[in-house]
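Convention: sequence-line order gives letters A, B, ...; per-chain numbering from 1. Note that the structure is a prediction, hence the values are computed from the model and not measured. Reckoned from all heavy atoms, side chains included, excluding hydrogens, waters and symmetry mates.
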Amino acid sequence: MTKRDPHLLLQAAPFLRRGITTPGLMMDVLLGLAPLVLAAIYFFGLSAVLVLLTCTIGAVATEWALSPARPRGSSIKDGSAILTGIILGLCLPPAIPLWMAFLGGVAAIGLGKLMFGGLGQNLFNPALVGRAFLQAAFPTAITTWSQQGTITEFWGLRLSSWYVPFTHWVPDWLRILLEGVFGPQVDVISSATPLAFIKFGGEAAPFNNLLLGNTAGSLGETCALLIIICGIILAFRRTFDWRIPVSILLTVAAASGIVWLFNHDSPSPLYMLLSGGLLFGAVYMATDPVTSPIAPRGAWIFGIGVGLIVVLIRLWGGLPEGVMYAILLMNAATPLIDRIAQPRAFGRTITGEVSA
Amino acid sequence: MSLQVMGKTFRHGVHPEEHKEQTEQLPIQRMPFADRFVLPLSQHLGAPCKPAVNVGQRVQRGQVVGEPGGFVSMTLHSPVTGRVAAIGPRRHPNGSLVPCIEIEADPYSTQEIATSPAVDWESLSLDDFILHVQKAGLVGMGGAAFPTHVKYKLPEGRRCQRLLINGCECEPYLTCDHRVMVEYAQAVVRGTQIVATKLGADSATIGVELNKPDAMLALDAAIPAGTNIRVASLKVKYPQGAEKMLIKALFGEEVPAGKLPLDLNIVVNNVGTMLSLADYFDHGKPLIERVLTVAGPGIDRPANLMVPVGTPVRDVMRHCGLNEETRQVVMGGPMMGQPLASLDVPVLKGTSGLLAFTDESISHAEEYACVRCGQCLEACGNFLNPSRMARLARAGRWEEMENAHVADCVECGACTYTCPSGVPIVHLIRAAKAAIRQGKAKAS
Amino acid sequence: MTEVELTISSQRAEPSPFRLIATLGVAGMISGLALSSVYQITDPIIRANNQRELEEAVLEVVPGAAGMQEVVLTNAEATKTIYAAYDGDDLFLGYAIEGSTNEGFAGQIRLIYGYDPSIKRVVGMKVLESLETPGLGDKIKKEKNPAFAAQFENLAIEPTIVVVKDGKDQDNEIDAITGATISSNAVVDAINTENKSWLQYLPATPPAREERDLTNEEDREAASGEGDDAATDGGGE
Amino acid sequence: MSNHKPADPSQYYAEFVKGIWKENPVFVQVLGMCPMLAVTNSAMNGLAMGCATTFVLVCSSLLVSSLRTFIPKQVRITTYIIIIATFVTMADYILKAAVPDIHKELGAFIQLIVVNCLILGRQEAFASRNTPVRAVCDAAGMAIGFTFALLCLGATREILGSGSIFGFSLFGPNYEPWVIMILPPGGFLMLGMILLFFNWLQQRKLRRRRIAGRGVTT
């Protein structure tokens, strides 16, 4: 009489779920990236497709090959590897040799994620680890920016894309083959990014170019306007914590504004905000939930930290761009921030004492 | 009209789909008497009661069958006229075997309630009043089944400044409190008035969420002029029915962690409790039956039912048409309820609903790695860090969990509801709490 | 007998402080002796190595040079040793000047460059020491990237040497290494600084070639034969 | 301890061989990481560093072992350090005189051999308790193991980072060097990979042995 009814499922409460899943969130971010991908293709032609695709393949293949989860590859389903690949691709220059892009994807997942134990365990943003690896391994290739418009035709490809792995050279037969299929291949004419221009003596790019993306730079970082729009949409969909980009941008604006007031030779706050990878980094990379603080107060600290480091590196460091290192450094500080910036528990003071 | 249009609320929390449309318009029906009733001696928090009858003895509906086993314990009454068939272990809804009194209903009885006449509550001293509440067998009917009279025993230096009647019913599917407020508004208000008067409360507030406008109107109309009872509207949000959240929402005050509402001179009661209290003092009828909602996709004829306490769930389900596809039966609400392993368990004093879910309606959450998205932090009304709790619980780091105030968790399940990675956070927290308790028991 | 045994064993357990000090003293002495003898043998070779390196550098940055000699310049604050370079017939070709800067991407860069006063041009440059990033900044070294160093082989210094990007078109311009602007700047800065401080103090007429010099084959052989002599003559610092 | 046992040549061989593979100071004991990571950006540097370490290790082991009965326990570490430092300074001079170019690349790391825990560790753990012959065998084995490790790391880093080995270009002028490999992070990366490889080898061996063991019993 008191036996168990065998058909009844015993599952712990709650019995309702919101129905939003982690792959769904990843898909949200991917959709939020889609306009940037399209813009990259518009600005840089077929090269952009190739770079993005190669990065993604590198990332997913590594996830499949190295992840210990059984059945093998089940961790691909959460979509994070694809996202990492796309974001990595968007912060690479369009003319990067494809073998390097592939290697970047491998490093991003291998060094950036799986080494720490997989999704959710990683300390650093995987895409940025991949990017930092490439920057350290192939500093020339990754800082060779090509100006938009050097290739007028969509199908025209950058010759450097086709370098044979481990070299910077394309065999003649391949060159002929490529020209037969895609039309003329072009050698990269390198061009400085707006930030490098201003850092190493030169004129600033016009603002509307910065806004619309008509400058040299990484695939995804050039069109400021698009990033802002996508960022606002994602923030309203609560795909990421709006506090992080907002605090980064405000800090950069404030810090560089103060410097600019005293020294008009330094770039203006607006220029700082719109140029380089700042917007892209603030919206798509600093907001990676795994590697940024979880609590709201922590998010503010994180954002302010990133902003300050960006300004420090850009104005006084040896590099023209500092967003990548700023985010990586604050990633490293995230566990610490999480420790000191826990939410104030209900009925308690901020230090966790029972409130009187 | 004194109704506020803009409701108050607390920070954080979640908005689950309400699913109340199935039953919220259905008037309360009376459930026919079952053949057998099972009365666990412990249907409340605290010491179980002691049987006051022998096997084979005839009992009348409303007759005392169990005497309280201490102050934090309740009197138990027979829900039916019949014969004591057995006293012994029976299955409790939580799965364990507990001592119960089993009563066989007399099919030919008229089921008159053995009542004393109405109690003249106005002349009672506070202590006598408390004794009467205990004798009425009243427990908190929102789900936790905390003995009501214990709440009225005010400690030294505290007084009941504000009486708060909880009519939020924030759990999805459940509509029994809603129907009680609509149909028994007079009695609810009367009960509130009795408690407010006896405890000497300055004011009494009935908090109702904005999705029950008819209940608000009915209550408002039932409040006699010149009393300081008012109806307050609240935004719809889960877990607003948790008393600490409700106090925060209505008064903006936080009950200190680990303390009771009484520390803010507030007493909180459920509307169902007020109805039963009024029944006792006006008609001498103890708590022998309650209103519960039977709903969910697995039920053919959803209903709000007045069910005698002790009725087997199987009978209730049969009455409402449990369909073939049902895969899960839950006692209570879908957020905090108890999954039933067997239908041969009784309805308790604290049972607010019986829900049946079919295969399609069960949320099978596939589990992914936690990406620290922070959704659970935004869901937690207690401002804890559930993501961290789950992580620590998985690692067995109990001490750190205690430092992270795991004891403050009310297990409302909002974190788990919202988690995109399908981590069973609240389940892990419950397990951790049990482990911590065990460790402490061992240590002492 | 037992007493003796006891004293011995206790000594073994706890040797006297004297014995400890003596052990260390002996060890230190032996070590000192060993080191000084090794030093005696290797020091002349090391000095000769350094000298040869300097010579090679001087001869490299002044094309066609076969010999060198020191010239000491003095200005208001300091003195500086530079090197006059001569061809096989002892004809003066130009000076080699050492320069350094801390403005490199990874700290100090030391270099030496050749200067021909007759045409007022830099005629060669060699990086002696740098920590610049391999593959990027270290392209300022000739052995890593001949193209950059080659730009210094006929470089006007008036008004100053300037770093440009995207192609040089003036005689006094240097095309920066892609991605290593800071390193390129540092090299040029070092040269500009030296030029500014010392070129005006160059002797009006080139110094004549002195008789005995280590750059001659015979002399160098002689020097390595009689170590001490070479050290005092060649070290010159 | 073991100096009362009759000398057995196979024993000396065992002392010698263990350091090269089974107890390799770098891959198994993970000792001497500082020079390991700092100077192995080319095969030549690795080899030179290995030779210098070998010289210091073998000489000081011989000396420490010969003098082991004369050195009081209380000042033994100090004495070892004096002995080691002497040989290190000698090595420094000799390298400076003989191969100035390599000496320049190795820089301060030659002097830092003094604090290489491998060397002091062998004195304390082995040379001070064993006969000179055994001590030299052990030291030589360990030193060769260390040199082998440095060479491995130096060679892989040079191949990837410069596309050459011992300065000879392997892939022609079109090779794109992985600059990171010659930088310090590359040292960590490569070391990690090599340790990974060694652990994998070891686990595979264990697994094989287990399978073989099972084969015997069934």
Side-chain angles (χ1 to χ4, degrees), chain C residues 11-54 56 105-106 110 127-139 143-147 179-180 224 227, chain D residues 41-42 55 59-60 63-64 66-105 107 114 157-158 160-164 167 173 175-186:
Chain C
Q11 256 180 2
R12 256 186 205 154
E14 198 62 59
S16 67
F18 173 75
R19 172 137 188 250
L20 299 185
I21 294 168
T23 314
L24 288 180
V26 170
M29 233 154 69
I30 297 172
S31 150
L33 270 173
L35 283 184
S36 63
S37 46
V38 172
Y39 182 78
Q40 287 292 325
I41 301 167
T42 54
D43 187 56
I45 309 177
I46 293 170
R47 280 169 179 274
N49 282 344
N50 289 345
Q51 183 62 30
R52 192 171 56 237
E53 202 179 310
L54 178 66
E56 278 170 6
F105 188 74
R110 275 184 57 231
V127 175
L128 298 174
E129 231 177 87
S130 90
L131 300 166
E132 299 307 276
T133 320
L136 209 57
D138 78 342
K139 285 187 181 163
E143 60 269 31
K144 306 276 178 181
N145 179 29
S224 53
Chain D
N41 51 11
S42 75
F55 168 73
C59 293
S60 42
L63 209 59
V64 163
S66 318
L67 298 176
R68 69 189 190 283
T69 46
F70 301 108
I71 301 171
K73 198 170 84 225
Q74 289 82 350
V75 291
R76 67 184 194 288
I77 300 289
T78 327
T79 319
Y80 300 163
I81 291 283
I82 292 175
I83 293 172
I84 295 166
T86 308
F87 285 117
V88 167
T89 315
M90 278 184 190
D92 192 35
Y93 284 149
I94 295 170
L95 281 178
K96 211 175 191 174
V99 278
D101 289 342
I102 290 176
H103 182 269
K104 214 188 247 174
E105 297 239 354
V114 178
R157 283 176 70 185
E158 190 183 345
L160 292 175
S162 319
S164 61
Y175 183 74
E176 177 78 30
W178 301 25
V179 176
I180 192 173
M181 287 304 166
I182 356 184
L183 296 177

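When heavy atoms are compared at a cutoff of 4.5 Å, C/Thr23 approaches chain D solely by way of its side chain, counted from C-beta outward. There is no contact between C/Glu129 and chain D, counting heavy-atom distances below 4.5 Å.
Here the closest heavy-atom approach between residue D/Thr89 and residue C/Leu35 is recorded as CB-CD2, 3.6 Å. Between C/Ala27 and D/Ile82 the shortest heavy-atom distance is O-CG2, 3.9 Å. In terms of heavy-atom proximity, C/Asn49 sits nearest to D/Lys96 at ND2-O, 3.3 Å. The shortest non-hydrogen separation linking D/Ala97 to C/Ile45 is O-CG2, 3.7 Å.
Here D/Tyr93 pairs with C/Tyr39 under the ring pair (Phe, Tyr, Trp, His ring centres under 6.0 Å) rule; sequence neighbours left out.
Rounding to the nearest 0.5 Å gives a distance of 10.5 Å between OG1 of C/Thr42 and CG of D/Leu95. Atoms CD1 and CG, on D/Ile71 and C/Leu20 in that order, are 12.0 Å from each other to the nearest 0.5 Å.
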